[in-house]
Amino acid sequence: MNKLKVRPVYKIGDTHFIVDIDKQVLREFQRPENEISFINHMADLQTHYELRYDPRINSVAQENMPDSQVRLIRVPQLTTLAPEQMALKYDCTVEELKGKPDFEVMVDQQLLAMRRHGLLPKIDIHGEHFIVDLRMEELRHAVNFFPILSLKRFELDKDGDHFEAFYHPITKQIVEIDPKILELPDQVVKIIIPAEIGLDPVSAARIYGIDERELLRRYPIQKDLKAEIIPLSETGIPALIQRNKQALTEDHQQNVQQIKPRNRPKF
């Protein structure tokens, strides 16, 4: 998060826009809902951005708008607009930013070069490293190439940003939780990992036909991918166990009531 309280301002005509490097947008000072995206609304020409601007509404011009009504704006790179904020966000000095295009600063060029040369990313899952292979839809153990975790067995979270699964670190396998479970299974934990775009944005761009540069600006390659480990006691499983036990007790009581006493013989 940007720790500098004062954000730089960029002026187009008489309209002032706040430069938001985290969302990569220009946000109108008077109308914060009016945002112009550096990714969606501008063409990145490396030395600057090109923006088709509608001065009547102080925002992005519609695609079918005649060129005669459009004002072509030459917007500087974020490294020029907000050098201090960019230096803080990307852990470098203002001097190191000079002359560099935004893409070169936002995306680790060494990691990108290695990925383009075929080196697949790795992710740490409970102390074990797995190779991320989106084409095969799997995570392969980095040392023995086995076991293999199929990404098809992961569930996408409600936001669509992460995969979730239950994992046994001893067998190194994804496990299913019995919906009628009555006690916590030994050793099993819940793991959360990035979804495909977060795991390998380069491969995801190829698979889904997305512009690589645009995707990498949103989801830069991560150097140290690591699964989040959550004990089952901190998930919804204990509540499921409680409900199952309650249901079992109620079923038992109902069955007892339905069973009639046996007639004993008279002597």
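Under a 3.5 Å cut-off, the side chain of Asn244 and the backbone N or O of Ile181 do form a donor-acceptor pair. Of the possible donor and acceptor atoms, none in the side chain of Glu104 sits under 3.5 Å from a partner among the backbone N and O of Leu97. Not one N or O on the side chain of Arg115 forms a donor-acceptor pair closer than 3.5 Å with the backbone of Pro201. In this structure, the side chain of Thr80 does not engage the main chain of Pro76 through any donor-acceptor pair within 3.5 Å.
Minimum interatomic distance between Lys100 and Thr79 (heavy atoms only, all atoms of both residues): O-OG1, 3.1 Å. Between Pro179 and Leu240 the shortest heavy-atom distance is O-CD1, 3.8 Å. Contact record, Glu212 with Leu112: OE2-CD1, 4.2 Å, taken as the closest heavy-atom pair. The heavy-atom pair separating Ile177 from Phe166 by the smallest distance is CG1-CD1, 3.4 Å. Contact between Leu216 and Val107 at its shortest, heavy atoms only, is O-CG2, 3.7 Å. Considering all non-hydrogen atoms of both residues, Leu225 and Gly198 come closest at CD2-O, 3.9 Å.
Relative orientation of the Phe130 and Tyr167 rings is perpendicular, given thresholds of 30° and 60° on the angle between their planes. Ring pair Phe163/Phe154 is tilted by interplanar angle, where 30° to 60° counts as tilted.
In the model, Gln85 has no side-chain atom that pairs as donor or acceptor with a side-chain atom of Arg7 under 3.5 Å. Judged purely by distance below 3.5 Å, without hydrogens or angles, the side chains of Asn34 and Ser59 pair a donor atom with an acceptor atom. For the residue pair Asp44 / Gln77, a side-chain donor-acceptor distance below 3.5 Å is found, with atom types taken as modelled.
Look at Glu214 and Arg217 and you find no salt bridge, because none of the NZ, NE, NH1 or NH2 atoms lies under 4.0 Å from a carboxylate O. We find that Arg74 and Glu50 are not joined by a salt bridge, their nearest charged nitrogen and carboxylate oxygen being 4.0 Å or further apart. Classification of Lys89 and Asp22 as a salt-bridged pair holds, one side-chain N sitting under 4.0 Å from a carboxylate O.
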Report all side-chain donor-acceptor pairs from residues 134-150 shorter than 3.5 Å, counting only partners two or more places apart or in another chain.
from   : atom 1 : to     : atom 2 : distance (Å)
Glu138 : OE2    : Arg140 : NH1    : 2.9
Arg140 : NH1    : Asp133 : OD2    : 2.8
Arg140 : NH2    : Asp133 : OD2    : 3.4
His141 : ND1    : Val143 : N      : 3.2
His141 : ND1    : Asn144 : N      : 3.4
His141 : NE2    : Glu128 : OE1    : 2.8
Ser150 : OG     : Lys152 : N      : 3.2

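In this structure, Phe103 and Arg213 have side chains that are in contact, with non-hydrogen atoms separated by less than 4.5 Å. Side-chain atoms of Arg27 and His16, non-hydrogen and from C-beta on, never get closer than 4.5 Å to each other. Val94 places none of its side-chain heavy atoms less than 4.5 Å from the side chain of Met86.
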Show the numbers, then the answer: is there a side chain to side chain contact (heavy atoms under 4.5 Å, CB included) between Asn58 and Tyr53?
CA-CA 7 Å; Asn58 297 324; Tyr53 184 77; 3.2 Å; yes
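For Lys172, the NZ atom counts as densely surrounded, since its 6.0 Å shell holds more than 12 non-hydrogen atoms of other residues, nucleotides or ligands. Counting heavy-atom neighbours within 6.0 Å of Asp186 CG, excluding the residue itself, gives a total of 12 or less. Within 6.0 Å of CD on Gln62 lie no more than 12 heavy atoms contributed by other residues, nucleotides or ligands. Enclosure of atom CG in Asp91 is not indicated, since only 12 or fewer non-hydrogen atoms of other residues, nucleotides or ligands lie within 6.0 angstrom.
Between Phe29 and Phe17, the ring centre distance reaches or exceeds 6.0 Å.
For the atom pair CD (Gln246) and CG (Asp251), the distance works out to 10.0 Å, reported to the nearest 0.5 Å.
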